[in-house]
2 protein chains.
Amino acid sequence: METRLKDAGYRITQSRRAVLRALEGGPAHVSAAQVLALGRKTCKTLSRASVYRTLEALEATGALRALPSPDGRVYVRVTDGHHHLVCQGCGDVQDFDGCALCNAWAPVAEAEGFSVAGHLLEVFGLCKSCREEEVVHVSEGSERS
Amino acid sequence: METRLKDAGYRITQSRRAVLRALEGGPAHVSAAQVLALGRKTCKTLSRASVYRTLEALEATGALRALPSPDGRVYVRVTDGHHHLVCQGCGDVQDFDGCALCNAWAPVAEAEGFSVAGHLLEVFGLCKSCREEEVVHVSEGSERS
DNA sequence: CGCTTAAAGAGACTGTGTCTCGATAAGTAT
DNA sequence: ATACTTATCGAGACACAGTCTCTTTAAGCG
């Protein structure tokens, strides 16, 4: 990611490096606040504005993608797959393959006059281990869809 | 929607009615702020808190779905879909159909031990009108991906 | 080593969403 | 109809995300 920034003409600074480390070390989906907190471990004076600026720069180079989530914006590395299994139990995110199928709905989008640049698929549910726990708790009043 | 609320045990008030009218009259994707503005036309004293409360109630009854967008949360009547064409030019979001294909990768996810509860598909690109504008600007120094 | 300028940090500002609290009115019983 | 109970109201405080501006700093060049 660092070389990517550099090649795009951005300077490599302490703050930027701190953000990059935070992104590499952190979870697959991170919020700006998390990046700030993680980044401060490397660069103590890291500011919120710098985090947003760097995130924006990374997005511009295509190394990162911002996507809306129920709790504000989260950032995802694009080197990671763009098909995610998001566990609603533990919050864990794993990738899965399925790009062959992706090309199937590109024509649908293009029929609407839309030119497709990319896509993101989020599948929500419960991962294996959370599912096993769920069995223990039986149906303990979960009213959500 | 009104009967739906009533049946669920909610009282029908002036404020609630104002919100319902706003939802029915407004665009397919509306923000809470838009609902507030539209609702004030019917009920001048409508407050932000009431909007959120009503929106929450409607979500609980299943008449509405909240979904994250780049500019905060937006609300969609559940009759509308969960496959989005997100325009990177103007930020507009439109739905498209494609649920038949969705069932194709559910087995892939389940092979990983994942139980699927729902999904969200975001296709990024440029909408028709933004595409036409793009042609006018030709390659006018846009370094963005 | 010094210059130029992109990028930094600090903090003000805006907007969204949540929460509390006393006041109000919806629905029910009288 | 009228009174009562209590869900709901509006107002405003609060917390937080994200943006913006301004002055200072340091990255990368010669």
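In this text the structure is predicted, and so the values were computed from the model without any measurement. In what follows, every chain begins at residue 1, and chains take the letters A, B, ... in the order their sequences are listed.
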Any Thr13(B) side-chain N or O less than 4.0 Å from OP1/OP2 of dA26(C)
no
Exactly one of Thr61(A), Leu23(A), Val19(A) should register a side chain to side chain contact (heavy atoms under 4.5 Å, CB included) with Met1(A). Which one does?
Leu23(A)
Is it true that Arg65(B) and Glu59(B) have a side-chain N and a carboxylate O under 4.0 angstrom from each other?
no
How long is the line joining CG of Leu5(A) and P of dA6(C), in whole Å?
16 Å
Could you state the CZ-P distance from Arg16(B) to dG10(D), rounded to the nearest angstrom?
10 Å
Side-chain heavy atoms nearer than 4.5 Å, only ILVMFWY residues, links allowed to pass through others: does that put Val35(A) and Tyr10(A) together?
yes
In whole Å, I'd like the distance from the OH atom of Tyr10(A) to the C1' atom of dA8(C).
16 Å
Between dT8(D) atom P and Arg17(B) atom CZ, what is the distance in whole Å?
14 Å
Distance check, rounded to the nearest 0.5 Å: Lys44(A) atom NZ versus Leu46(A) atom CG?
13.0 Å
Any idea which of dG9(C), dG17(C), dT16(C) is nearest the Ala33(B) side chain?
dT16(C)
Value in whole Å for how far the P atom of dA7(C) lies from CD of Glu2(A):
14 Å
Quick one: is Arg11(A) getting a side-chain N or O under 4.0 Å of the dT5(C) phosphate, OP1 or OP2?
no
Map Lys6(B) and Val51(A) onto DNA chain C by nearest heavy atom, then report which one ends up closer to the 5' terminus.
Val51(A)
Among dT8(D), dG9(C), dA11(D), which nucleotide has an atom closest to any side-chain atom of Cys43(A)?
dG9(C)
Nucleotide nearest Ser15(B) (side chain, heavy atoms from C-beta), chosen from dA17(D), dA7(C), dG10(D)
dG10(D)
Any base atoms under 4.0 Å from Arg48(B), or only sugar-phosphate, or nothing? Heavy atoms, all strands.
base
Provide the closest heavy-atom pair for Ala18(B) versus Thr42(B) in the form atom of the first, atom of the second, distance.
CB-CB, 3.9 Å
What is the separation between atom CZ on Arg40(B) and atom C1' on dA11(D), rounded to the nearest whole Å?
11 Å
Any donor-acceptor pair under 3.5 Å joining the side chain of Arg53(B) to the base of dG10(D)?
yes
Round to a whole Å and report the spacing from CG of Leu46(B) to C1' of dA25(C).
15 Å
Rounded to the nearest angstrom, tell me the gap between atom OH in Tyr52(A) and atom P in dC13(C).
19 Å
Between Val74(B) and Gln14(B), which is nearer to the 5' end of DNA chain C once each is assigned its nearest nucleotide?
Val74(B)
